[in-house]
Each structure stands twice: as structure tokens, then as C-alpha cells.
Amino acid sequence: MRTLDRPGVLALGLGLLGLGYRLALVLLTVPGSNSDEATFGLVALHIADGRELPVFLYGQHYMGTVQSYLAAPLFLLFGAGWVPLRIPLLFLYAAFLYLAYRLTRRLYSPWLATFTVGVLALGGERVVRDQITAVGGRPEVKPAVLGLLLIALALGQRRTRHRRRYWAFGLFGLLTGLCVWDDWLVLPYLVVAFGVLLVGCWRDLLGPAGAVLVAGFLLGVAPLIVDNLTAPPGQDSLSVLQQVSAGEGEATSGTARLHGALLVGIPLATGLCRPEGCDPVEMSWGGLYLALLLAAGILAVVGLVRAGRQAPVPGNGAEPSGTPENAVAGGTPENAVAGGTPENAASGGTAGTDPAGSAVRTARLGYATQLALLLGAALTVAAYARSSLAGSAPLASARYLSILQISLPAVLWPLWLVARWSGRLATGPVTRLAGVLASAVLALLVVLMVGATGQLVGEIGTIRAEERQQRQLARTLERAGISAVYAEYWTCNRLVFVTRERVACAVLGANLRPGQDRYSAYPRRVRAADRPAFVFEAGAPADTAFQAHLRRSGVPARVTRVGTHTIYLPESTLRPPG
């Protein structure tokens, strides 16, 4: 067993702190639950009971249900609840930390890998919500992409034994297929990960290995394919996504979309801002992020060109020109040949291969992987900036950029290099000033993320009180013998999940018209009920509209206040207007 060095020991400690912090939040149901997460819980409940095996989340036809399948066995063992629903995501977060450390160490440096783990261990509300709540495919696709890149590196550098290579190709295809089924937001990263595989293994892909990869992909994406082949016209994933894109919000200008994507979306998704918004200092990270993407891309391209020029003539056994550090990612000796650690400098060759050729292959593939991380981030930001939501609702939609965490070390690499170079070079006020500024930016990032983390910790009491109110609301309904209610969206499925479907709920909008019911069986139960109740947040538009409807109908109703919610139980059957 390999002994951990100092960066590894420190990274392990920071990772355990981040994991412990999130475990405590999971046990406390922080961040707070909502109806979207409850829908994943209801899917898991139905899977655990053997009632259904949904391919997509109820009410959607494009978001996979991997998280629900992961939670279903825990529901069988411990019963349905928020904690069993979130525990699998905690393991996915741990896998993400480990793989991020491995990839960063291999591509860049051990200490940057440790710093990356430290940054990822922090987490304000926006970051933590995307990591440990059932919000869609983001918690699982991030470690999957890192795993794909590490597999592509190992295969391209010939680090896997011959008999294991087919398994590796099959696993690459399987993970890719699962990601395509689960969350299409990750498509840019899947494309660049496959590009890395092509760079290192294009010859292999022309033979049996390519067939194995395709078989693995088809196995992973099979749920999506089968469902789409049997879906009614207009209900296939592509059609539904086109409908969602066409009606995602009001048209916004390009300036508004760029502002929302760069100055709000990136800082919020990377953990610098509060959920309510970003201040000017935090917003400046968006512009700097793009500059760092460009700088890191230039470094990777220069390294790739340099490694290509150093390639030995096949068959003559010539060493690459220059010293080992000339084949380094970014020019630092500790990275000998983009390997992250000295042991990677000439590793990757199989027995009997040319060491010089192996080193050059390792370097070229390392730089190609760096470019993949940068291109994945750039394509993700570009795709988000094209959406009208980036301009109309950046605070709510910035979650679509949470997968940028995959590229965090690639973005930080130029700052890390400048900070280190300034300490190694002998003189020069410009160099020293650049190093101080780079170090200050890195320190400021940590300070802002610590602040966001502290803010979430400070809100735990408020979030816990709100969760208690939701449980009290459910208990009040059950004690009153109420099994069918009308309510607004953010109450409905949450209420159904908390009561384990003992209370059914139909969604009403602010105008009391039918809203977004994700599971049709619940509104059917409510419409069939003799005297359904109505539950609204006190003072909300729907509450005001219902009070007017109640007065017009002349039907008396018993009114109960539970926290911020009001329960109306009409003495005779009352339906929503229209």
C-alpha cells in the first residue's frame, strides 16, 4: 500500500472535514427540502415498493432517476425519508473529492490537488444544495466525468494491462451512457472526455475495443432508448426538451444573458455568493474566470506543441530534446511530464516500450486532458449564456453551472503557477507583484467561500424551524383525518412525501387554476375525495384568491393556522373555480 506524502495527508484531512460537514448537514436536513426533491423521493419510494421503475423524473421526460434508484435500497432498509434520500449523494461527493484530487495531482501538482480538495470541502447554500440534495443529475455526473478522464488517461498512457483494457473501454462507454440518460447538461464534458480518449487510443477504437465501448454505452443509455422508442408522439426526450427550451422564459437581450451568466451565474455556482445575490467583488470573479480559462488554455496549447516537437523519431530510440522540466505541464519541475508527481514522469509504458516515447505520450495526453477540462467549462458557460434564463432568472438557474466544479483546478492553475514562480525566481518587482496578486486572489477565493459556508451554518436554526413546520403541517392534516388537499406546488409533493402518500395533493396556481402536477394519481385522488382541504401559505396570492372564492361560494370552512400555512376545511364539498 502506497504511503501518503504530505500533500496527500493534508488532502485526506481536508476531505474528511468536508465530508463530516456535509454529513452533519444531511442529518439536520440542511439545506431545506422542497417539492422537487420530494419528487425524487417519491420515485425512490415507488421503486422500493416495486410499484414502478421510472426512467425519468415524474412530470419530465429528460431527467434520469439515478438518484432515486440509489436511494431505493436505503428506503427498503430504513424507510423513506430525507436522510436516506441524501445519503447516497454523500458517497458521490466523497468520490468526487477523491477523483478530483487524483486527476489534479496527475495533471498539475500535488499541492494544487490539496488546495482543490480544500476549496471543494467548503460550501455555502448554493454549492451544498447541488452536492447533497436530490436535485437532478449533477451530484453523480461530476464524479463520472472525472472518472472518464482518468480512464482515458490510463488507456492512452498504456497504464492498464492488456487484459484489463477491454474492461476499461467498456466502463468508459457505460459511464458515458448513464450520464446521457441521467442529465444532458453534462454533454459538453462527455464530448471532450471522448476527445481525450481519441487522442490516446484512436487506433484501439477501430478494433474490438471500440465495439466494447459502444456496447457499454448502449447498456448505460438503454433506459433512455427504450423509453423513447415507446413514448407517445411528442413525448420523447428531444421533443420535450425543445418544448422546455421554447417556453423557458421571456426573451432577454444578449447583454442581460452575458451579465447573468458571467457576473452572477459563475460566482454563484462556484460558491462565492449568497443565494440572494452577488456583490461587486464576488461578481468580478466571473470576468477573471474567463481570463483564467484563456490563460490556462494558452499554457496547455503551448505545452502540447512543445511535447509534439520533442517526439523522438520512431525506431531510433532518441530522447526528447531538452530537460525533463521542458515536458512539464506549465513548466514546474515537480510535474515531470504532466504527471502531477515525479513517479508519473515516464510511467505509462508497457514492458519493452521506449521510455522516451512513453514520456512524450504521457505529456501530450496530459496537456490534451487539460484542454478538455477548459473546453468543457467554456462550452458549458456558452450553452448557459444562450438560455433566456441566464438573463431573466440567473439566481434561480445558476445551478445549471454547478458542473463547472469539474474544471476548478484547470482554472486555478495559472494563478497557482504565478504565485509559485514569484517565490522561485530571484528578483524582479513585477514578478513579485504578480505573485502577490495571484496569492491574494487565491486567498480571497478561500475567504469568500468560508464566508458563504459560515452564512449557511448561521442559517441552520432557521432552516430547521421551517422543516419542523412542514412536519407539523403534515401531522395536523393526518390527525384531522384529512387525506386529500389542494395546495401550491412547493407544498404539494413535499407534503405527499412527508406523509408517505397518506395525504394526496393536487397543485393549484396563484389564480387557483390547476398547476404542475408531476404524478397524475395524486390529483385524481383529490378530485375523487368528498371534502378535500385547501392549504396555502398565509398571505400568498393563492391564499388571497381562495379567501375570495370561499366568500363567493358561501360555504363555511374550519380554518387552522400551522406556522406560516393556513388549512381550510370546507364543511361541504368545494372545488377550485373553473
Item to check | Test side-chain contact (heavy atoms from CB on, under 4.5 Å) applied to L57 and V43, step by step | outcome: CA-CA 7 Å; L57 185 66; V43 173; 4.1 Å; yes

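- E52 is not listed as a side-chain neighbour of I47, based on a closest heavy-atom distance of 4.5 Å or more.
- Remark: the backbone N or O of F40 is paired with a side-chain donor or acceptor of S68 at under 3.5 angstrom.
- R513 places a side-chain N or O within 3.5 Å of a backbone atom of P577 that can act as its donor or acceptor partner.
- The shortest non-hydrogen separation linking P31 to V128 is CD-CG1, 3.7 Å.
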Item to check | Steps toward side-chain contact (heavy atoms from CB on, under 4.5 Å) verdict (I403, T380) | outcome: CA-CA 8 Å; I403 58 175; T380 298; 4.1 Å; yes

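- Contact of the V30 side chain with the V457 side chain is not registered, since no non-hydrogen atoms from C-beta on lie closer than 4.5 Å.
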Item to check | From CA spacing to verdict: salt bridge (Lys or Arg N to Asp or Glu O under 4.0 Å), R518, E37 | outcome: CA-CA 12 Å; R518 288 187 174 274; E37 185 175 21; over 6 Å; no

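- Side-chain atoms of S33 and E467 form a donor-acceptor pair, as typed in the model, at a separation below 3.5 Å.
- Side-chain N/O atoms of S520 and R524 include a donor and acceptor closer than 3.5 Å.
- A salt bridge links R51 with E501: the closest approach of a Lys/Arg side-chain nitrogen to an acidic carboxylate oxygen falls below 4.0 angstrom.
- Judged purely by atom type and a 3.5 angstrom limit, S407 uses its side chain to pair as donor or acceptor with the backbone of L373.
- Rounded to the nearest 0.5 angstrom, I482 CD1 and I567 CD1 are separated by 6.0 Å.
- In this structure, S35 contributes its side chain and A38 its backbone to no donor-acceptor pair below 3.5 Å.
- Side chain of T29 to main chain of L25: no donor-acceptor pair is present (N/O by atom type, distance under 3.5 Å, no hydrogens or angles).
- Looking at every heavy atom in both residues, A144 comes nearest to L175 through O-CD1, 4.4 Å.
- In summary, the side chains of H61 and N228 do not present any donor paired with an acceptor at a separation below 3.5 Å, with no hydrogens or angles considered.
- Within the 4.5 Å cutoff, the side chain of Y519 has no heavy atoms near those of the L42 side chain.
- L263 and M283 make their closest contact through O-CG, 3.1 Å (heavy atoms, listed as atom of the first residue, atom of the second, distance).
- A distance below 6.0 Å separates the ring centres of Y568 and F546.
- Using modelled atom types and a 3.5 Å distance limit, the side chains of Y489 and N34 yield no donor-acceptor pair.
- Put simply, the side chain of Q455 reaches to within 4.5 Å of the side chain of P275, judged on heavy atoms.
- Using a 4.5 Å heavy-atom threshold, the side chains of C505 and N493 count as separate.
- At least one side-chain heavy atom of L198 sits under 4.5 Å from a side-chain heavy atom of L205.
- Between E125 and R274, no side-chain nitrogen of the basic residue sits less than 4.0 Å from a carboxylate oxygen of the acidic one, so the salt-bridge criterion is not met.
- In this structure, D130 does not pair ionically with R399, as no charged nitrogen and carboxylate oxygen lie closer than 4.0 Å.
- Rounding to the nearest 0.5 Å gives a distance of 9.5 Å between CG of L97 and CG of L14.
- Remark: W490 CH2 is packed, more than 12 non-hydrogen atoms of other residues, nucleotides or ligands lying under 6.0 Å away.
- The main-chain N or O of A121 is found under 3.5 Å from a side-chain atom of R22 such that the two form a donor-acceptor pair.
- In plain terms, the two heavy atoms of A44 and A71 that are nearest each other are CB-CB, 4.1 Å.
- Remark: R500 is positioned above the aromatic ring of F497, its terminal NZ or CZ atom under 6.0 angstrom from the ring centre and at most 45 degrees off the axis.
- A donor-acceptor contact shorter than 3.5 Å links the side chain of R502 to the backbone of T499.
- Of the inter-residue distances, the one linking T116 atom OG1 with Y101 atom OH reads 10.5 Å to the nearest 0.5 angstrom.
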Next on the checklist: K142 vs Q131, test: side-chain contact (heavy atoms from CB on, under 4.5 Å). Steps then yes/no.
Outcome noted: CA-CA 10 Å; K142 287 186 288 188; Q131 291 172 340; 4.0 Å; yes

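- T573 places a side-chain N or O within 3.5 Å of a backbone atom of D530 that can act as its donor or acceptor partner.
- Closest approach of A72 and A48 over heavy atoms only: O-CB, 3.6 Å.
- Between the side chain of D517 and the backbone N or O of V507 there is at least one donor-acceptor pair closer than 3.5 Å.
- Side-chain contact between V214 and L218 is present, with at least one heavy-atom pair separated by less than 4.5 Å.
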Next on the checklist: Walk me through whether S397 and Y384 qualify under side-chain hydrogen bond (donor to acceptor under 3.5 Å, both in side chains).
Outcome noted: CA-CA 9 Å; S397 62; Y384 175 67; 2.8 Å; yes

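- The side-chain heavy atoms of E282 and L448, taken from C-beta on, include a pair separated by under 4.5 Å.
- Between G79 and P84 the shortest heavy-atom distance is O-CG, 3.4 Å.
- Taking the six-membered ring where the residue is Trp, the centroids of Y58 and H46 are separated by under 6.0 Å.
- The environment of OH in Y69 is crowded: more than 12 heavy-atom neighbours from other residues, nucleotides or ligands sit within 6.0 Å.
- Taking CZ of F75 as the reference point, atom CG of L70 lies at 11.5 Å (rounded to 0.5 Å).
- With hydrogens and angles left out, the side-chain atoms of T544 and Q547 include no donor and acceptor closer than 3.5 Å.
- R494 has a carboxylate O that lies under 4.0 Å from a charged side-chain N of E466, or vice versa, which qualifies the two as a salt bridge.
- One distance of note links CG of L262 with CZ of R257; it measures 12.0 Å at 0.5 Å rounding.
- There is no side-chain donor-acceptor pair under 3.5 Å between Y21 and T453.
- Considering CZ of F172 and CG of L148, their distance stands at 4.5 Å, rounded to 0.5 Å.
- Using cut-offs of 30° and 60° for the angle between ring planes, the F534 and Y486 rings count as parallel.
- Side-chain N or O atoms of T133 include none that pairs as donor or acceptor with a backbone N or O of V135 at under 3.5 Å.
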Checklist entry - Step by step, would you call T270 with L408 a side-chain contact (heavy atoms from CB on, under 4.5 Å)? => result CA-CA 9 Å; T270 48; L408 178 64; 5.8 Å; no

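- Between F96 and Y93, the ring center distance fails the sub-6.0 Å criterion.
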